[in-house]
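Notes for the one structure printed next.
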Amino acid sequence: MTDAITPLSPTPSSSNNAVANSPARVLIASLIGTTIEFFDFYVYATAAVIVFPKLFFPASDPTSATLQSFATFSIAFFARPIGAMIFGHFGDRIGRKATLVAALMTMGLSTVVIGLLPTYESIGVAAPLLLALCRLGQGLGLGGEWGGAVLLATENAPEGKRSWYAMFPQLGAPIGFILSAGLFLTLRESMTDADFLSHGWRIPFLISLVLVAVGLYVRLKITETPEFRRAIEKEERVSVPIAVIFRSHLRSLFLGTIIAVATFVLFYLMTAFTLSWGTRPAGTGPLPAGLGYSQGQFLVVQLVGVVFFGLMIPISGLLSDRYSRRLVLVLTTIGILIFGLFYSSLLTAGLAGAFACSIIGLALMGFTYGPIGAALAAPFPTAVRYTGASMTFNLGGIVGASLAPYIATWLATNYGLVYVGYYLTAAAALSLIGIVLSGNDEI
């Protein structure tokens with residue numbers, strides 16, 4: 001590593017701050033930030049299905065409006081690697097704490113502004129353009145959040161408990177989803193369609209302001225991680241972390257990206273696409289019929305599945321520390337590959353089948369999502385770990401998630417729902433290859 005690192009001068013304010021973070025403070029700070037970030041992200045994903053096609057992308061063909069809405073949904077995934085580079089650069093140079101605060105504010109304020117946007121009816125084409133701009137801000141913020149939260153946990157973890165600590169920020173995903181879906185479900189059940197489309201849909205976006213304030217309070221109470229303080233004391237920081245990643249850690253970046261693909265494809269098929277197809281009318285003329293459930297019915301289906309998602313994350317963390325992250329990821333990825341072959345049959349087997357599909361798919365998601373944070377961070381040294389872990393995770397998002405709802409909608413519309421399952425199986429096969437090619441000590 002000596003040929004890849006150019007030392008920087010110590011920063012006294014960081015290196016001298018040797019106050020230890022308590023385990024509870026570390027885990028709460030890493031969890032609350034990702035909960036808020038994912039709440040914001042899922043609020044958009046839900047609105048992209050049930051609100052934006054009607055208010056921001058008016059079209060005579062509902063499928064075209066939905067595809068346009070999913071196109072803006074994908075913008076954030078292309079922005080996330082940029083956010084990973086920007087926030088990763090400062091996270092590896094000035095510290096994890098300040099960078100995490102900046103990432104949280106970027107994501108949160110972008111979400112609040114969405115709740116204030118005028119619609120297409122008011123300002124025409126400027127409405128979807130402003131929506132896309134806010135979505136870009138969400139992506140930049142989340143690109144910097146995830147890596148920093150994982151490092152906050154793992155770099156404070158005792159020996160032998162890295163996977164357990166690393167799964168706490170991952171819990172932000174199911175908690176954020178439950179808060180988002182639960183809020184949308186409450187609003188849909190307590191409002192008329194007219195009131196919901198008039199102003200009710202804005203409430204989840206505006207609530208983000210309160211959540212961000214809570215998150216900032218918690219984040220400002222933590223101190224810098226011990227590993228980063230040691231990197232400062234040893235003068236191991238680098239001038240341009242992303243350059244070191246591409247020069248010395250390109251293989252880890254590539255393999256980590258394809259390892260994460262199945263995780264992303266699974267989650268966004270089980271949430272954004274499945275919600276869209278599940279609530280599509282059961283008979284739309286020449287187009288393939290959807291499942292015809294109400295939005296309220298299908299949000300309940302997804303909420304039950306997400307509970308299993310959340311339950312499996314700590315279990316996978318414990319198993320990963322006891323056996324190995326590699327073994328847990330291999331077995332889970334094989335499970336995802338098999339699940340893809342039965343996805344269509346389960347989803348179309350009535351309400352009981354939809355529940356089974358949601359529970360099995362999101363339980364598998366918990367098993368792969370729990371250990372993946374520690375797995376993607378492990379190959380990178382402290383000096384470039386924020387940038388490396390963030391870039392890997394977010395490049396995986398581009399390949400696996402950015403176009404997943406769009407591709408799945410196109411496949412289901414043109415070839416049938418069974419091909420959506422084949423798409424998931426193919427993604428799992430790709431990730432399995434990545435895990436096999438990585439060495440035992442790399443993940």
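Scope of the values below: all heavy atoms of this structure, side chains included, with no hydrogens, waters or symmetry mates. Counting begins at 1 with the first residue of the sequence.
- Closest approach of L104 to V212, counting heavy atoms only: CD2-O, 4.1 Å.
- Contact check for V150 versus S30: no side-chain heavy atoms found under the 4.5 Å cut-off.
- Partners of F380 under the ring pair (Phe, Tyr, Trp, His ring centres under 6.0 Å) rule, at least two apart in sequence or in another chain, are H249.
- Across all non-hydrogen atoms, the minimal contact from R280 to T413 is NH1-OG1, 3.7 Å.
- The shortest side-chain heavy-atom distance between F39 and L183 falls under the 4.5 Å cut-off.
- Here the CD1 atom belonging to I372 is positioned 11.5 Å from the CD1 atom belonging to I313, to the nearest 0.5 angstrom.
- Aromatic ring centres of F393 and W146: separated by under 6.0 Å.
- Residues L171 and P314 approach most closely at CD2-CD, 4.0 Å, considering heavy atoms.
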message: Run the side-chain contact (heavy atoms from CB on, under 4.5 Å) test on Y422 and S344 for me, step by step, so that the C-alpha distance in whole Å, both residues' side-chain angles and the decisive distance to 0.1 Å come before the verdict.
response: CA-CA 9 Å; Y422 296 158; S344 175; over 6 Å; no

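- By the 4.5 Å heavy-atom criterion applied to side chains, T274 and F298 are counted as neighbours.
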If you look only at distance, which donor and acceptor atoms sit under 3.5 Å apart when one is on a side chain in residues 255-269 and the other is two or more places apart or in another chain?
| residue | atom | partner | partner atom | Å |
| --- | --- | --- | --- | --- |
| T257 | OG1 | L253 | O | 2.7 |
| T263 | OG1 | T368 | OG1 | 2.9 |

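- Going from atom OG1 of T387 over to atom CZ of R93 covers 10.5 Å, rounded to the nearest 0.5 Å.
- Residues passing the salt bridge (Lys or Arg N to Asp or Glu O under 4.0 Å) test with D40, sequence neighbours excluded: none.
- Taking OG of S208 as the reference point, atom CD1 of I203 lies at 14.0 Å (rounded to 0.5 Å).
- Open room surrounds OH on Y419; 12 or fewer heavy atoms of other groups in view lie less than 6.0 Å from it.
- Counting heavy atoms from C-beta outward, T279 and L291 have side chains that stay 4.5 Å or more apart.
- Taking 4.5 Å as the limit, some side-chain heavy atom of T382 sits within range of a side-chain heavy atom of R385.
- Relative to the ring axis of Y386, R96 does not place its NZ or CZ within 45° and under 6.0 Å from the centre.
- The number of heavy atoms from other shown groups lying within 6.0 Å of OH (Y406) does not exceed 12.
- To the nearest 0.5 Å, atom CG of residue L319 and atom CG of residue L331 are 10.0 Å apart.
- Using a 4.5 Å heavy-atom cutoff, the side chains of E145 and M107 are not in contact.
- Applying the 6.0 Å contact sphere to CZ of F90 captures no more than 12 heavy atoms from other residues, nucleotides or ligands.
- Nearest heavy atom pair, residue I114 against residue R202, reads O-NH1, 4.2 Å.
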Below 3.5 Å, can you tabulate the donor-acceptor pairs from side chains in residues 299-309 to any protein atom, sequence neighbours excluded?
| residue | atom | partner | partner atom | Å |
| --- | --- | --- | --- | --- |
| Q302 | NE2 | M270 | O | 2.9 |
| Q302 | NE2 | T271 | O | 2.8 |

query: So E155 and K97, salt bridge (Lys or Arg N to Asp or Glu O under 4.0 Å) or not? Walk me through it.
result: CA-CA 12 Å; E155 292 184 354; K97 175 181 174 177; over 6 Å; no

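- Here the straight-line distance linking atom CG of L417 with atom CG of L346 works out to 10.5 Å at 0.5 Å rounding.
- Aromatic rings of Y415 and W410 (six-membered ring for Trp) have centroids within the 6.0 Å cut-off, being under it.
- Side-chain contact between R80 and L140 is absent, with no heavy atoms from C-beta onward closer than 4.5 Å.
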query: Yes or no on side-chain contact (heavy atoms from CB on, under 4.5 Å) for H89 and I242, after CA distance, side-chain angles and deciding distance?
result: CA-CA 7 Å; H89 177 82; I242 189 63; 6.0 Å; no

message: As a quick check of understanding, evaluate side-chain contact (heavy atoms from CB on, under 4.5 Å) for F168 and V26, giving each step before the final call.
response: CA-CA 10 Å; F168 272 86; V26 168; over 6 Å; no

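- The two residues W201 and L55 come nearest to each other via the heavy atoms NE1-CD1, 3.4 Å.
- Residue pairs meeting the side-chain hydrogen bond (donor to acceptor under 3.5 Å, both in side chains) criterion with at least one member in residues 132-143, sequence neighbours excluded: T111-Q138, R135-Q138.
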query: Could you go step by step and tell me if I315 and M312 meet the side-chain contact (heavy atoms from CB on, under 4.5 Å) rule?
result: CA-CA 5 Å; I315 293 174; M312 294 306 110; 3.9 Å; yes

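- Applying the side chain to side chain contact (heavy atoms under 4.5 Å, CB included) test between I123 and each of L129, L130, L117 identifies L130 as the sole match.
- In terms of heavy atoms, G172 sits closest to T34 at CA-OG1, 3.6 Å.
- Below 30°, between 30° and 60°, or above 60°: for F205 and F52 the angle between ring planes is between 30° and 60°, a tilted geometry.
- Between atom OH of residue Y369 and atom OG of residue S316 there is a gap of 11.5 Å, rounded to the nearest 0.5 Å.
- Partners of R325 according to the salt bridge (Lys or Arg N to Asp or Glu O under 4.0 Å) rule, which considers only residues two or more places apart in sequence or in another chain, do not exist here.
- Crowding of M191 atom CE: a count of heavy atoms from other residues, nucleotides or ligands under 6.0 Å exceeding 12.
- Between V214 and L211, every side-chain heavy-atom pair lies at or beyond the 4.5 Å cut-off.
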